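Report on the following structure.
Both counts, for ligands and for their atoms, begin at 1 and track the order of listing. Being a predicted model, the structure only gives us computed values, none of them experimental.
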Amino acid sequence: MRKPFIAGNWKMNTNSATAVALAAGVVNELQDVDTVDVAVCPPYVYLQSVAAALSASNVALGAQDVYFEDNGAFTGEISCQMLKDCCCTYVILGHSERRHVLGETDELINKKLKAAIAGGLMPIFCVGELLEERDAGKTMDVVEGQIRKGLDGLCDERIQAITIAYEPVWAIGTGRTATPEQAQEVHAMIRQLIATICDKSVADAMRIQYGGSAKPSNTAELMAQPDVDGLLVGGASLKAEDFSKMIKTVA
Ligand code: PGA
């Protein structure tokens, strides 16, 4: 049985006061929930204050990215050890905004995945096709390519630290959610692919989240799909009530 996992990706939102208030609101709403793993991923600069707000709760902390080097002359970057210092458990890697706005490649994401796992973080590894790729019937090829390259060299026991998030780019922040059937089709393909490149027990244990305009009103139908094990939530994670409602729906 895979335990559902719902993570909130706050992206470049909140400020020092609203970040802490949002975290405290989520903690307050979710006091009795222990059947779902929950994480929030604030901007780097609020990790420590959000960590304090989450302390002694069952809500974990994640970051939105990490660099693969341990330290040195990498202006503007953050290492795994720095994230661990800030009490992070998870790190989002390969998010579509990092791929398509900031130009991250599959090779870079692979290095980050390896570094994150070696550094004791649990990656949420994002994949997903653009609208023109879906329209051209290339969804499966694109997602397969991203997974094969992202996980290159990682198909051993280390892979168990990874959650995959399938996020069709056309559904992110657009209000246009993939249908449950569209999500299930790709999730099933991903699980089959993991079974092929790793093995079936790894594939059966791996949690695959859906992301892209997930919200309280579509949580139940998405989570009812057999291969949808959780959600990576952007916009709806910025309201404690909406995010908590989604988690309670799953719990
Ligand atoms: P959204 O973002 O829920 O606002 O569509 C999801 C994501 O980018 O992780």
Side-chain angles (χ1 to χ4, degrees), residues 4-14 18-19 22-23 26 36-44 46-47 50 59-66 88-104 109 112-113 116 121-131 133-134 139 142-143 146-147 150 162-180 182-183 186-187 190 207-223 225 228-247 249-250:
F5 175 27
I6 301 200
N9 174 10
W10 295 0
K11 308 192 181 185
M12 199 172 74
N13 293 297
T14 67
T18 59
L22 177 54
V26 172
V36 181
D37 284 339
V38 180
V40 294
C41 304
Y44 286 141
Y46 307 130
L47 284 172
V50 168
V59 180
L61 186 65
Q64 298 174 19
D65 189 31
V66 75
C88 285
T89 303
Y90 297 98
V91 61
I92 298 171
L93 290 174
H95 190 276
S96 79
E97 286 142 24
R98 297 215 60 88
R99 291 177 187 268
H100 299 296
V101 182
L102 296 149
E104 288 202 6
I109 295 160
K112 291 182 173 190
L113 281 166
L121 293 163
M122 298 177 74
I124 299 172
F125 167 40
C126 304
V127 297
E129 80 288 1
L130 298 164
L131 183 58
E133 292 167 336
R134 174 160 284 267
T139 297
V142 169
V143 171
Q146 290 171 335
I147 289 181
I162 297 176
T163 296
I164 292 181
Y166 168 58
E167 300 203 299
V169 180
W170 47 271
I172 295 178
T174 59
R176 182 179 161 191
T177 321
T179 65
Q182 285 172 323
V186 181
H187 283 228
I190 292 172
R207 293 191 291 194
I208 307 174
Q209 295 176 323
Y210 166 81
S213 300
K215 48 187 178 257
S217 60
N218 56 31
T219 294
E221 57 179 19
L222 286 164
M223 290 298 297
Q225 300 302 312
V228 177
D229 308 311
L231 302 168
L232 182 55
V233 187
S237 74
L238 294 172
K239 286 195 187 131
E241 202 189 332
D242 284 355
F243 187 58
S244 306
K245 204 182 278 175
M246 297 170 81
I247 292 152
T249 300
V250 176

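- Checked against a 3.5 angstrom limit, the closest N/O atoms of G173 and ligand 1 fall inside it.
- For the side chain to side chain contact (heavy atoms under 4.5 Å, CB included) with H95, the qualifying choice from N9, L102, I109 is N9, the only one to do so.
- Atom 9 (O) of ligand 1 has its closest protein heavy atom at E167 OE2, 2.7 Å.
- No more than 12 heavy-atom neighbours from other residues, nucleotides or ligands sit within 6.0 angstrom of CD on E241.
- At least one side-chain heavy atom of L232 sits under 4.5 Å from a side-chain heavy atom of C126.
- Side-chain contact between M122 and D37 is absent, with no heavy-atom pair separated by less than 4.5 Å.
- Near G212, meaning under 4.0 Å from any of its heavy atoms, are these atoms of ligand 1: 5 (O).
- Using a 4.0 Å cut-off to heavy atoms of H95, the atoms of ligand 1 that qualify are 7 (C), 8 (O), 9 (O).
- Counting only heavy atoms of the protein, atom 3 (O) of ligand 1 lies nearest to G234 N, 2.8 Å.
- When each atom of ligand 1 is checked for a heavy atom of N9 under 4.0 Å away, the hits are 9 (O).
- Residue contacts with ligand 1 include S213, since one or more of its heavy atoms lies under 4.0 Å from the ligand.
- Under a 4.0 Å criterion applied to the non-hydrogen atoms of L232, ligand 1 contributes the atoms 6 (C), 9 (O).
- Taking atom 4 (O) of ligand 1 as the reference point, the nearest protein heavy-atom neighbour is G235 N, 2.8 Å.
- Taking any N or O of T174, backbone or side chain, none lies under 3.5 Å from an N or O belonging to ligand 1.
- Scanning both residues, P4 and M223, for their nearest heavy atoms gives CB-CE, 4.1 Å.
- Residue contacts with ligand 1: A165 is excluded, as none of its non-hydrogen atoms falls under 4.0 Å.
- The ligand atoms of ligand 1 that sit less than 4.0 angstrom from a heavy atom of A171 are 5 (O).
- If you run side chain to side chain contact (heavy atoms under 4.5 Å, CB included) between I164 and each of I124, V143, V127, only V127 comes through.
- Here A236 has no heavy atoms under 4.0 Å from ligand 1, in either its backbone or its side chain.
- Within the 4.5 Å cutoff, no side-chain heavy atoms of Y166 are placed close to those of V228.
- Taking a 4.0 Å cut-off on heavy atoms, K11 registers as neighbouring ligand 1.
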